[in-house]
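Below, each value reflects all heavy atoms present in this structure, side chains not excepted, and no hydrogens, waters or symmetry copies. Bear in mind the structure is a predicted one, so any value in this text is a computation, not a measurement. Lettering of chains follows the sequences in order, A, B, ..., and the numbering in each one begins at 1.
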2 protein chains.
Amino acid sequence: MDRSGGRARHSGDLIAALSGRNLAHNLHSDVLWDMGFAIVSGQYAQGSILPPDTELLDRFRVSRTVLREALKTLAAKGLIEARARIGTRVLPRNRWNLFDADVLAWHFELGPEVSFLQSLAEVRIGIEIEAAALAAERRTEEQAKLLMAAVDRMEGARTPEDFARHDLEFHKAVADASGNPFMASISALVEMALTAAFTISSPVNEPEALTQTVAVHRAIAQAIVDKSSQGAREAMRVAIAEGFARAAGRMEGLEVKP
Amino acid sequence: MDRSGGRARHSGDLIAALSGRNLAHNLHSDVLWDMGFAIVSGQYAQGSILPPDTELLDRFRVSRTVLREALKTLAAKGLIEARARIGTRVLPRNRWNLFDADVLAWHFELGPEVSFLQSLAEVRIGIEIEAAALAAERRTEEQAKLLMAAVDRMEGARTPEDFARHDLEFHKAVADASGNPFMASISALVEMALTAAFTISSPVNEPEALTQTVAVHRAIAQAIVDKSSQGAREAMRVAIAEGFARAAGRMEGLEVKP
DNA sequence: AAGCCAATATTGTCATACTTATTCACCTGT
DNA sequence: ACAGGTGAATAAGTATGACAATATTGGCTT
């Protein structure tokens, strides 16, 4: 089983890159990604015991320092737990920190399944609807201007990447305006993941889809400007549902309820 | 500034205990909590550089291994980032993993401010409302029974700890029934919110508050049993808002909108 | 048979040395 | 005087080997 040098990374990298994370791959990050992916992909079952240090040392050909730091990182993300004389156990999935960028990336690396994307979208609906409602109550004048400007830039986008960037920017602005740090943190992550997964099916290529998407986003912005939290809620729900439906439909005729 | 031996932990322990987390405090977890709290509490400002390894080694009187593993853990949670020749920098708050149980605990340790509790409640509303709605659509018969049983246990609770445990259990059951793994993984957040609220005021001590809390939770369970997603949504919103309002009201006559 | 104890395996900690990356200042050539 | 390369200094990264702590296992004692 050859694991040495020159491993290529897949879609997980996209997320890492988008998140502005340092790709500088040290030795320990190699081990980290290898083990992290192995756990997330089920190669090491939940509740099972990882091979002891000595065996992993031999497999990766690194020093104990490096191996242990990688394992500590996994432990920090809730994937494993080490106990003397017992070994290092893979924790049950409900203890994993699924909102960690790396953990998310490892999930994406094994091919984004529709059910996984749908779960993410459901979370996004919950979070962003509230964020929009709160933004409507609390937005400052500057934030209102930023929102409107973001919509304009979406309208003007000519490439899928541009559109995705401004779309992201818009939703980030909403989260910021909500004044809730948790909203900002979680929505950034979730959106990034979904954007990475869905840039393929961008509305830019279909004129009427673009028009509609922009219109919905403008409705959100307008509701927030008008301080109508209920309006913001509803418009946001439509925006997300439509976006997801389009992307998912593109993948394999799956639909979601609004 | 003396930080040496015999440091005591505060309220964070209570949370850790409730969550069944291993309290076994290694050396490295001492350093971890000390540094983590120092960062979260702003002792080390965002964007600033931590003291170099050598100084921290001297301060904590531990080996380099221990210090580095603690720092790696902080890095894994998004609090810091190390760069050669520069030092270890505290990352801006929006890169922190706020949904991490430890990071939350550190926040809580510097005194649960109303604004913090409110942010938590807002996020919970977003997430748990959707969870309840999804649970109403997807719950199995077994899950329905579990929910009802949890409510009964809440009603029968005689100590604040018992009540808190069963309350948490109830919310976990809802998240499970939603079939969405992300919903379940924010239980750390819920735990924190509940623990915080109950350390301030437990409904157990006020008969009518207890009756009302139980009634609202029963309404959630009933809606899920009846597969009424809209009903579940509304009941859940009330439950969370009321819980927060009670705690906040106790702290300083502040009110929230539902 | 029950309970205690010691052997053992596995992670935790330590100390030290060496390697690599990155910045900053100096130095050189134009 | 300025542009650009060059190297020294600094801090993190890696390696290694030894020892400590801890919990399981199985044997020993009572």
Side-chain angles (χ1 to χ4, degrees), chain A residues 3-5 7 20-36 39 44 47-91 95 102, chain B residues 3-7 20-36 39 44 47-91 102:
Chain A
R3 283 165 184 277
S4 51
R7 270 181 306 286
R21 178 164 260 85
N22 64 338
L23 298 194
H25 62 309
N26 327 342
L27 271 184
H28 114 267
S29 88
D30 272 4
V31 178
L32 172 65
W33 275 72
D34 217 320
M35 291 298 293
I39 290 172
Y44 294 113
S48 68
I49 304 284
L50 295 184
D53 277 18
T54 50
E55 185 178 329
L56 294 175
L57 282 175
D58 194 54
R59 180 189 304 174
F60 289 111
R61 323 296 312 203
V62 294
S63 72
R64 190 133 182 258
T65 315
V66 170
L67 176 66
R68 286 185 54 81
E69 287 189 359
L71 292 181
K72 266 287 181 280
T73 300
L74 289 175
K77 296 176 188 301
L79 269 62
I80 62 177
E81 185 180 55
R83 302 186 54 181
R85 175 62 213 238
I86 296 291
T88 304
R89 161 171 289 117
V90 178
L91 292 175
R95 301 256 323 250
D102 291 332
Chain B
R3 281 163 185 279
S4 51
R7 269 180 308 286
R21 178 163 265 90
N22 67 335
L23 299 195
H25 64 309
N26 320 336
L27 270 184
H28 116 266
S29 88
D30 271 4
V31 178
L32 171 65
W33 275 72
D34 216 321
M35 292 297 294
I39 291 172
Y44 295 114
S48 68
I49 304 287
L50 295 184
D53 278 19
T54 49
E55 185 178 330
L56 294 175
L57 283 175
D58 195 53
R59 179 187 305 172
F60 290 110
R61 323 296 311 203
V62 295
S63 72
R64 189 128 185 265
T65 313
V66 170
L67 176 66
R68 286 185 55 80
E69 287 188 357
L71 292 181
K72 266 286 182 279
T73 300
L74 289 175
K77 296 177 188 300
L79 269 62
I80 62 176
E81 184 180 57
R83 298 189 54 183
R85 176 61 214 242
I86 294 293
T88 303
R89 162 172 288 119
V90 178
L91 291 175
D102 292 332

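Comparing B:Lys72 and A:Ala84, the nucleotide of DNA chain D nearest to each residue sits closer to the 5' end for B:Lys72.
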Tabulate protein N/O versus nucleotide N/O from nucleotides 26-28 of chain D, keeping only pairs under 3.5 Å, one per line.
none

Output a table of nitrogen or oxygen pairs between the protein and nucleotides 5-9 of chain D separated by less than 3.5 Å.
unit_1 : atom_1 : unit_2  : atom_2 : d
D:dA9  : N3     : B:Arg85 : NH1    : 3.1

Are B:His28 and B:Thr73 close enough, and set up right, to give a side-chain contact (heavy atoms from CB on, under 4.5 Å), and what steps lead you there?
CA-CA 10 Å; B:His28 116 266; B:Thr73 300; 3.8 Å; yes

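Taking the side-chain contact (heavy atoms from CB on, under 4.5 Å) definition, one finds that A:Pro51 meets it with A:Tyr44, A:Glu55, A:Leu56, A:Arg59, sequence neighbours left out. Not a single side chain to side chain donor-acceptor pair (under 3.5 Å) links B:Arg85 to another residue, sequence neighbours left out. Residues satisfying the side-chain contact (heavy atoms from CB on, under 4.5 Å) criterion with A:Thr54, sequence neighbours excluded, are A:Pro52. Remark: B:Arg64 pairs with B:Asp53 by the side chain to side chain donor-acceptor pair (under 3.5 Å) rule, at least two apart or across chains. For B:Lys77, the side chain to side chain donor-acceptor pair (under 3.5 Å) criterion is met by B:Asp100, B:Asp102, not counting sequence neighbours.
Using a 4.0 Å heavy-atom distance criterion, B:Thr88 is classed as a sugar-phosphate-only contact.
Put simply, A:Arg83 has no side-chain N or O that comes within less than 4.0 Å of OP1 or OP2 on D:dA21.
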Sequence-aligned protein contact record of nucleotides 15-20 of chain D, with B where the base is within under 4.0 Å of a protein heavy atom and S where only the sugar-phosphate is
BB-B--

